[in-house]
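For reference, the structure discussed in these notes is given below.
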2 protein chains.
Amino acid sequence: MGARGRPRGFDRDEALAKAVDLFWRHGYEGVSIADLSAGMGIASPSLYAAFGCKEQLFFEAVERFGETNGNRMVSALIGANTARAGVAAMLNAMAECVTTDGKPTGCMITLAATNCSPANDRVVEKLCENRRAVVDALKLRLARAVGDGELPGTTDVDSLATFYATVLNGLSLQARDGATRDALLATVDHAMAAFERVARTNGAPA
Amino acid sequence: MGARGRPRGFDRDEALAKAVDLFWRHGYEGVSIADLSAGMGIASPSLYAAFGCKEQLFFEAVERFGETNGNRMVSALIGANTARAGVAAMLNAMAECVTTDGKPTGCMITLAATNCSPANDRVVEKLCENRRAVVDALKLRLARAVGDGELPGTTDVDSLATFYATVLNGLSLQARDGATRDALLATVDHAMAAFERVARTNGAPA
DNA sequence: CTTTTTCTGTATCGATCCCTAAATAAACCG
DNA sequence: CGGTTTATTTAGGGATCGATACAGAAAAAG
């Protein structure tokens, strides 16, 4: 029942981590199998034997990215005591993630498949699902805030969630354009004005 | 001095317009010469004779996109009587542009080269310059608002400009993910809360 | 007319794309 | 040891990439 046949000559986890870095840095279509083969340190037949095809490798890379980076945003959102603190923590976590030295700038989920040939629309759709999950988490948390009285009952939860998704994803574009971490953190602070204005609209406690 | 030799058998402007549509819809690397040739209705030698190479055609397409779409945003920003109205008009113009039936969703300047292979970094840089010009226009307008007394003298013009650039570009990502025009217009309204909060910080008139 | 110039259509070019067949190497089991 | 299983190496296949060579066609110039 133990490992049969010739053992794998490379560390699958390390190879996947390198693939994440490449896809994150250059996007799905910006990375070729030759790039992956060179970066992961394995020949293409080993790559295909271990990961299937380019698309499957990318899907695994997306999952790994979530475990090591992406999920932190939603965790920050859910982990805070108030929706306001949660949203701020999520945005700040993203601002820091996309401007961390040694990591590619920008978020892989946001940027890795924004412009693709129609042949790869499954890849586009996969990332879109991931982003939709973030929006859903935002809506859920904001709706709870309405129930808790943190936000007034008249709050348009959907539009507020869309606004924060816009900022969340926009941070990646600004990071790619060279925005510094401080500039993005200040951007997040500006974004929180919307929350405060909504909270103030009717008879909601501060 | 008149037209010598065999006359061109297609309308250069119409062909360029079709190229704009393709690059806009699928991005620089998402469109092949074969796609362009088919879409523009001309064989590839005619394409190369008229436009140079793929990169030069893209640059012309970017310029045309600005004339027919992109410049409207900055015009809206500059044309208004107040900075607040200008920023709102710019964001609203973008929200409408990226959700117009018959046009590709999202802004070409924002999305057409977000993930590229390193071989095409000149294309990436070109679009980045265009986006920087928008941020500069924002900073200029906000600085004037400080001079006019519309915003307090303590205003951090750069961070406020970065915030609105974040929203402006983020709108394209949301549009790609299926956000409706109404959702984006509501998003713009939320974004204006930041302006109002800054205007209210110190002794500035409403 | 002939010559010159420019564009068009066919038929590619070499490079690169993603992927795989075939032979070899390294582990297991008996 | 031989036999089985799995991974690696080498080499390359079919398709597509961006870009062109070449010959023919359509205009102006002489």
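What you see is a predicted model, and the numbers here were worked out from it, not measured in a lab.
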By nearest-heavy-atom nucleotide on DNA chain D, the more 5' of G52(B) and A43(A) is A43(A)
* Asked: Hey, does R25(B) have a side-chain heavy atom less than 4.5 Å from the side chain of D21(B)?
  -> yes
L36(A) CG to dC19(C) P, in whole Å, measures 10 Å
Look at S46(A) and dT8(D) and indicate whether a side-chain polar atom (N or O) is within less than 4.0 Å of OP1 or OP2. yes
>> Does R8(B) qualify as a cation-pi partner of F10(B), given the criterion of NZ or CZ under 6.0 Å from the six-membered ring centre and within 45 degrees of its axis?
In response: yes
Practice item. Would you mind reporting whether T105(B) and V98(B) have side-chain heavy atoms less than 4.5 Å apart? Key: no
So, with a heavy-atom separation below 4.0 Å from DNA chain C, the residues of residues 8-21 of chain B are R8(B), G9(B), F10(B)
Self-check item: Short N-O contact, R64(B) and D13(B), less than 4.0 angstrom
Solution: yes
Side-chain-base donor-acceptor pair under 3.5 Å for R6(A) and dA25(C):
yes
- prompt: Just checking, any donor-acceptor pair under 3.5 angstrom between side chains of T162(B) and Q174(A)?
  reply: no
Short side-chain N/O contact to dT20(C) OP1/OP2 from Y48(A), under 4.0 Å: no
note: R4(B), atom CZ; dA25(D), atom P; distance rounded to Å ~ 22 Å
**Q.** Between H190(B) and S159(A): side-chain donor-acceptor atoms closer than 3.5 Å
**A.** yes
When all nucleic acid strands are considered with a 4.0 Å heavy-atom cut-off, which category describes P7(A): base, sugar-phosphate, or nothing?
sugar-phosphate
Sorted by number, residues from residues 26-35 of chain A placing a heavy atom under 4.0 Å from DNA chain C are V31(A), S32(A), I33(A)
Inset, instruction - Examine K126(A) relative to Y28(A) and say whether NZ or CZ is less than 6.0 Å from the centre of the six-membered ring and inside a 45° cone about the ring axis. - result: no
Between NZ of K54(B) and P of dT16(C) the distance, given in whole Å, is 15 Å
In whole angstroms, the gap separating C1' of dC19(C) from CG of L47(A) amounts to 10 Å
E55(A) atom CD is separated from dC17(C) atom C1', nearest whole Å, by 16 Å
Requested in this report: Begin with the C-alpha distance, continue with both residues' side-chain angles, and end with the deciding distance and a verdict on side chain to side chain contact (heavy atoms under 4.5 Å, CB included) for R12(A) and E60(A).
Outcome: CA-CA 11 Å; R12(A) 196 179 187 279; E60(A) 270 202 61; 2.8 Å; yes
Between CG of L22(A) and P of dC18(C) the distance, given in whole Å, is 12 Å
Checking L138(B), V135(B), V188(B), V134(B) against Y164(B) for side chain to side chain contact (heavy atoms under 4.5 Å, CB included), the one that qualifies is L138(B)
